[in-house]
Amino acid sequence: QMWQVGKRQASRAFSLYANIDILRPYFDVEPVQVRARLLESMIPVKMINFPQKIAGELYGPLMLVFTLVAILLHGMKTSDTIIREGTLMGTAIGTCFGYWLGVSSFIYFLAYLCNAQITMVQMLSLLGYGLFGHCITLFVTYNIHFHSLFYVFWLGVGGLSTLRMVAVLVSRTVGHTQRLILCGTLAALHMLFLLYLHFAYHKVVEGILDTLEGPNMPPFQRVARDIPVVSNAVLNTTAKAVALTL
Amino acid sequence: RQYGGYEYSQQSGFVPPDMMQQQQPYTGQIYQPTQTYTPTSAQSFYGSNFEDEPPLLEELGINFDHIWQKTLTVLHPLKVADGSIMNETDLAGPMVFCLAFGATLLLAGKIQFGYVYGISAIGCLGMFCLLNLMSMTGVSFGCVASVLGYCLLPMILLSTFAIVFSLQGMMGIILTAGIIGWCSFSASKIFISALAMEGQQLLVAYPCALLYGVFALISVF
C-alpha cells in the first residue's frame, strides 16, 4: 500500500517536473556570463538606433530577487521593524516578487500597446538585472545610515540601472510618444521602488505608544531622522486633545 | 529498487564491504524476488523468525559509518567530494542536525523550531527546482534535502557560539560570513560532484549561501 502511495507521489512529482521543463533553457548559464551581465546592467548603452540584444535568462534575475529579499530581511531585522499583520519573511518575499513579476507584466502590457519589440522573458530578465542597482544601494545604505548618502546612491546607482533599462527599451520602440510613455513609466516605477524600500523597511513602524517615551530615546540611532519630528507633532496634538477634554 | 534509506543505484560501485558480509546469512532465508541486497524496510516479508530479523538500525536505514563519512566531507571544505556518496538518501543525519540547530537556538533563548522547519522545507523545495533546471540529470528531493541538511553542521557551530557571545558586532559579522561561506561551499561541492556540473559551482553556491544566510539571520537576531 505504501508502494502505491509512493507511486502516486512519483507520478505527481513527474508531472511537476514536466511542467518545470519548459523553463530549463532559461537556466543554462555560466558564471562568467552572469557576472558579465551583472556589470552590463549598470552601463547604459549609447546606441539606441538599432535593437539591443537582451539575454533571456532567468537565473540571474531570480537570484537577484532573492538577494533583495535577503537584504530586506537583514534591514528589517537590524532596525527591529515590526510588521503588524503578517510575517517579515512573507512581506519581504511578497514585496520583491510582486514588484518583479507585477511591474514586468505591466511594462510588457504597455510595450504591447506601444508596439515595442520585447518578449515577456526578456522583460523579466531586464527588470531583474535592473534590481542589481537596488541591491547594491540598499546593502550599503542599510548599514551606513546617512540620508544624503542614500540620495547620492539613489540618483547615481539607481539612475544608472534605470538609464540602461530605458536605453534598451528606447532602442526597441519607434515613435516618440510611445517611447516617452514606456520609458517614463518604467523609470518612475523603478526609482520610486528604491525610495519606497529605503523608507518603508528600515525604520520603526510601531504604534503611537512608543513615541510617548520621548525623553528616553533608545541609544542606537534610528535611520529615518524625520520620525522624531512626526512623533513630536503627534505628542503635541495628543497632549492638546487630552488637555481639551479635561 | 528502493527500500528504506538505502538507494543503491545499479551503476554505483560504492558498496561498503562490511555491509556485504552481513547480507550473507539473510539472503537464503527471506522470501524476496532476486535481490543481492536484503531490503531493510519494515514492510518486507520476514518470516516469524526473530533471530533472522536484521538489527534495528539497519532496518531503519541508519548507517553510522555513512553518516560519519558524510559529516567529515562537510567538515573538510577543501577535501574533494566523492560523487557517489549521495546515492543513498539518508535523512537521519540531517534530521539530527536540524534538531541540534533548534536545540542550540533554544539554549540561546530563541524558541524557533517552527522557523527552522519551515525555512528548511521551503529552501529544499527551491533548491530542488533550481537544481533540476540547471543540471543535465535530475535530482531527487531526498538527495537535495540530505545534502542541505548535512551542510547545516557549521551553522550549528555558529548558533553554539551565539549562546555565549552576541553575534551583532564586527567579529560576529565576520564569523557569520565565514560560516555561511563554509556551508554553501561544501553544499555546492557535493552537488556538483554528484550531478557532474563542472564550472557551475559558484552558480550553485550562491542560492545555498542565500538559504544559509536566512538560517544565520535566525541565529544572529
Side-chain angles (χ1 to χ4, degrees), chain A residues 1-7 9-10 12-14 16-35 37-38 57-60 62-81 87-90 92-93 96-97 135 139 143 220, chain B residues 1-4 39 41-44 112 114-115 118-119 122-123 125-142 144 167-168 170 172-173 176-177 180 188 192 197-221:
Chain A
Q1 201 230 353
M2 264 188 73
W3 175 246
Q4 281 165 359
V5 170
K7 213 165 140 184
Q9 277 184 346
R12 236 189 307 157
F14 182 78
L16 180 69
Y17 179 74
N19 281 337
I20 287 180
D21 236 355
I22 38 173
L23 292 176
R24 199 175 255 269
Y26 303 125
F27 282 84
D28 186 17
V29 285
E30 301 287 317
V32 194
Q33 287 176 324
V34 175
R35 191 175 56 220
R37 283 172 197 162
L38 280 177
E57 60 137 323
L58 289 178
Y59 174 85
L62 197 65
M63 288 304 123
L64 280 170
V65 174
F66 278 124
T67 311
L68 195 61
V69 170
I71 295 177
L72 271 186
L73 272 175
H74 177 66
M76 290 198 277
K77 280 286 190 183
T78 45
S79 70
D80 293 329
T81 305
T87 61
L88 283 183
M89 182 75 111
I93 290 185
C96 298
F97 270 95
C135 286
F139 183 65
N143 292 317
F220 65 88
Chain B
R1 185 175 63 90
Q2 303 176 9
Y3 289 89
S41 77
Q43 357 151 332
S44 35
Q112 286 169 343
Y115 273 115
I119 292 173
I122 296 179
L125 193 65
M127 278 309 290
F128 167 68
C129 293
L130 191 69
L131 283 177
N132 267 324
L133 285 171
M134 280 175 65
S135 68
M136 290 284 108
T137 66
V139 274
S140 65
F141 183 74
V144 173
L167 287 176
Q168 299 199 17
M170 180 54 70
I173 294 177
T176 312
I180 293 176
S188 60
I192 61 167
M197 293 161 53
E198 309 86 22
Q200 289 186 315
Q201 179 163 9
L202 273 183
L203 295 186
V204 175
Y206 189 67
C208 294
L210 286 179
L211 177 64
Y212 289 121
V214 177
F215 278 117
L217 214 61
I218 308 178
S219 301
V220 172
F221 290 102

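None of the values given here were measured: they were computed from a predicted structure.
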>> Tell me whether A:Q4 contacts the main-chain N or O of A:K7 through its side chain, where contact means a donor paired with an acceptor under 3.5 Å.
In response: no

> With only heavy atoms counted, which part of A:V29 is less than 4.5 Å from chain B, the side chain, the backbone, both or neither?
Replying inline: both

>> I need the residue from B:L202, B:L217, B:V214, B:V220 with the largest number of non-hydrogen atom pairs under 4.5 Å to chain A.
In response: B:L217

> Above 12 or not: heavy atoms from other molecules or residues under 6.0 Å from CZ of A:F66?
Replying inline: no

>> With a 4.5 angstrom heavy-atom cut-off, is it the side chain or the backbone of A:Y59 that approaches chain B, or both, or neither?
In response: side chain

>> Checking side chain to side chain contact (heavy atoms under 4.5 Å, CB included) between A:C135 and each of A:V65, A:L72, A:T67, which is the one that passes?
In response: A:T67

> Is there a donor-acceptor contact under 3.5 Å from the side chain of A:R24 to the main chain of B:S135?
Replying inline: yes

> For B:L211, which residues count as a side-chain contact (heavy atoms from CB on, under 4.5 Å) partner, sequence neighbours excluded?
Replying inline: B:I119, B:L148, B:F215

> Backbone N or O of B:V139 within a donor-acceptor pair of the B:N132 side chain at under 3.5 Å?
Replying inline: yes

>> For residues 203-210 of chain B, give me every residue with a non-hydrogen atom less than 4.5 Å from any non-hydrogen atom of chain A.
In response: B:L203, B:V204, B:Y206, B:P207, B:L210

> Is the number of heavy atoms from other residues, nucleotides or ligands under 6.0 Å of A:F139 CZ greater than 12?
Replying inline: no

